[in-house]
Amino acid sequence: MSEELLDPGRRTCRECGSERIYIDPNKGHSVCQDCGIIDEDRLIDGGPEWRAFNAEERSKRSRVGSPLTYSVHDKGLSTQIGWEDRDIFGKKLSPAMRAQIYRLRRWQVRTRVHSSVDRNLVYAMSELDRLASQLGLPKPVKETASVIYRKAIEKRLIRGRSIEAMVAASAYAAARIRRMPRTLDEISRNSNVNKKELGRCYRLIIRELAIKIPLADPTDYIVRFAFELRLSGWTAQQAVKLVKAARDKGLTAGKDPTGLAAASIYIAGIVEGERRTQREIAETATVTEVTVRNRYKELVQELGIEVAI
DNA sequence: AAGACGAAAGTGGTTGA
DNA sequence: TCAACAACTTTCGTCTT
């Protein structure tokens with residue numbers, strides 16, 4: 001039996017074995033971020049059984065399964081043990097009975113704590129599943145995200161913050177660690193967490209858990225963006241070369257990696273005769289056209305590329 | 001009409017006194 | 001803690017294809 005059947009959520013590239021597989025949420029295709037091979041097989045996906053075909057549908061679906069309230073985890077059905085050492089007639093309890101009641105009280109508190117952590121986790125993991133499936137994040141990223149989230153619980157970082165926000169931040173960190181980064185914008189759009197809050201939670205996590213995250217690399221975005229823009233693998237490779245050349249010339253320091261990826265894709269598209277508009281590219285890279293233009297002008301000028309119009 | 005261009009003002013985050 | 005700063009965004013008028 002193949003590895004994939006035993007563990008349907010995990011996918012590796014059949015060419016190079018890489019686990020950096022971008023799973024296109026709409027089309028059911030996947031693309032390897034290391035060698036650019038596109039796999040058109042139907043996916044066996046561990047995620048939700050539904051498919052969303054546009055943004056509205058996605059946001060509608062995203063509400064499915066969300067309970068109405070989490071404030072009382074068992075909706076008031078649990079038994080309470082009173083603090084007074086008296087029975088129902090108001091009589092004092094025997095010392096043996098008191099000792100037993102004391103033990104019971106302790107256990108009740110313990111089980112309540114455990115079940116609240118469990119409930120938190122159950123909700124968090126289903127939210128992570130949903131997010132990962134919409135963002136096309138493969139299993140290794142989900143695993144990393146869930147480890148981060150669990151550590152955040154241990155460190156009591158969730159208290160006073162929304163579970164959704166912390167899950168989203170964990171996913172963001174995990175995606176960067178696994179070198180399959182998503183932008184804050186993309187994650188924010190696919191969850192009910194605004195960008196600002198997401199950034200705050202992310203910074204809290206990396207600070208409190210002392211996680212070191214590699215600097216975002218523009219090339220990590222290129223294959224995915226190119227795929228979403230229906231560009232050929234060849235053009236994507238040319239874009240990667242452009243970014244590397246720019247890095248060698250020291251043009252990339254302090255610049256938004258997605259902006260650089262966008263500009264290099266724009267140039268590569270023109271050079272290779274697969275032109276896309278600045279607007280299209282800006283949209284998939286979640287930057288503005290202005291940024292695409294600025295980076296593109298810099299690159300063309302500094303790398304001495306002549307762009308045939 | 002669509003795309004590309006660039007100026008100007010505004011925003012949120014980082015840095016350094 | 002505050003101000004200066006760089007990068008990016010928003011907005012908008014103009015030019016090019």
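First the proteins, then the strands, lettered A, B, ... as listed; each starts at 1.
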Taking any heavy-atom pair under 4.0 Å as a contact, classify [X]: base, sugar-phosphate, or nothing.
| X | result |
| --- | --- |
| A/G259 | nothing |
| A/T277 | sugar-phosphate |
| A/R200 | nothing |

What is the separation between atom [atom1] on [X] and atom [atom2] on [N], rounded to the nearest whole Å?
| X | N | atom1 | atom2 | result |
| --- | --- | --- | --- | --- |
| A/Q278 | B/dA2 | CD | P | 16 Å |
| A/R293 | C/dA7 | CZ | P | 18 Å |
| A/E283 | B/dG3 | CD | C1' | 14 Å |
| A/Y296 | B/dG3 | OH | P | 15 Å |
| A/E289 | C/dT10 | CD | C1' | 11 Å |
| A/L251 | C/dA6 | CG | P | 17 Å |
| A/L198 | B/dG12 | CG | P | 16 Å |
| A/R279 | C/dC12 | CZ | C1' | 17 Å |

Complement of B/dT15, any strand, by Watson-Crick or G-U distances under 3.5 angstrom: C/dA3

A/K297 vs B/dG6: side-chain N/O to OP1/OP2 distance below 4.0 Å: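 So the side chain of A/K297 is within the cut-off, an N or O lying under 4.0 Å from OP1 or OP2 of B/dG6.
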
N/O (side chain, A/R295) to phosphate O (OP1/OP2, C/dC8) under 4.0 Å: yes

Choosing from [options], which nucleotide comes nearest the side chain of [X]?
| X | options | answer |
| --- | --- | --- |
| A/T291 | C/dC8, B/dG6, C/dT10 | C/dC8 |
| A/Y266 | B/dC5, C/dA7, C/dT10 | B/dC5 |
| A/K255 | B/dA4, C/dA7, B/dA7 | C/dA7 |

Identify whether the distance between the nearest side-chain nitrogen and carboxylate oxygen of [X] and [Y] falls below 4.0 Å.
| X | Y | value |
| --- | --- | --- |
| A/R230 | A/E280 | no |
| A/D34 | A/R179 | no |
| A/E298 | A/R295 | yes |

Shared hydrophobic cluster for A/I187 and A/V147 (ILVMFWY, side-chain gaps under 4.5 Å): no

A/V290 or A/R276, whichever maps to the more 5' nucleotide of DNA chain B: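 Whichever sits nearer the 5' end wins; that is A/R276.
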
Nearest heavy-atom neighbours spanning A/A285 and A/A262: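 Smallest interatomic distance, heavy atoms only, reads CB-CB, 3.8 Å.
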
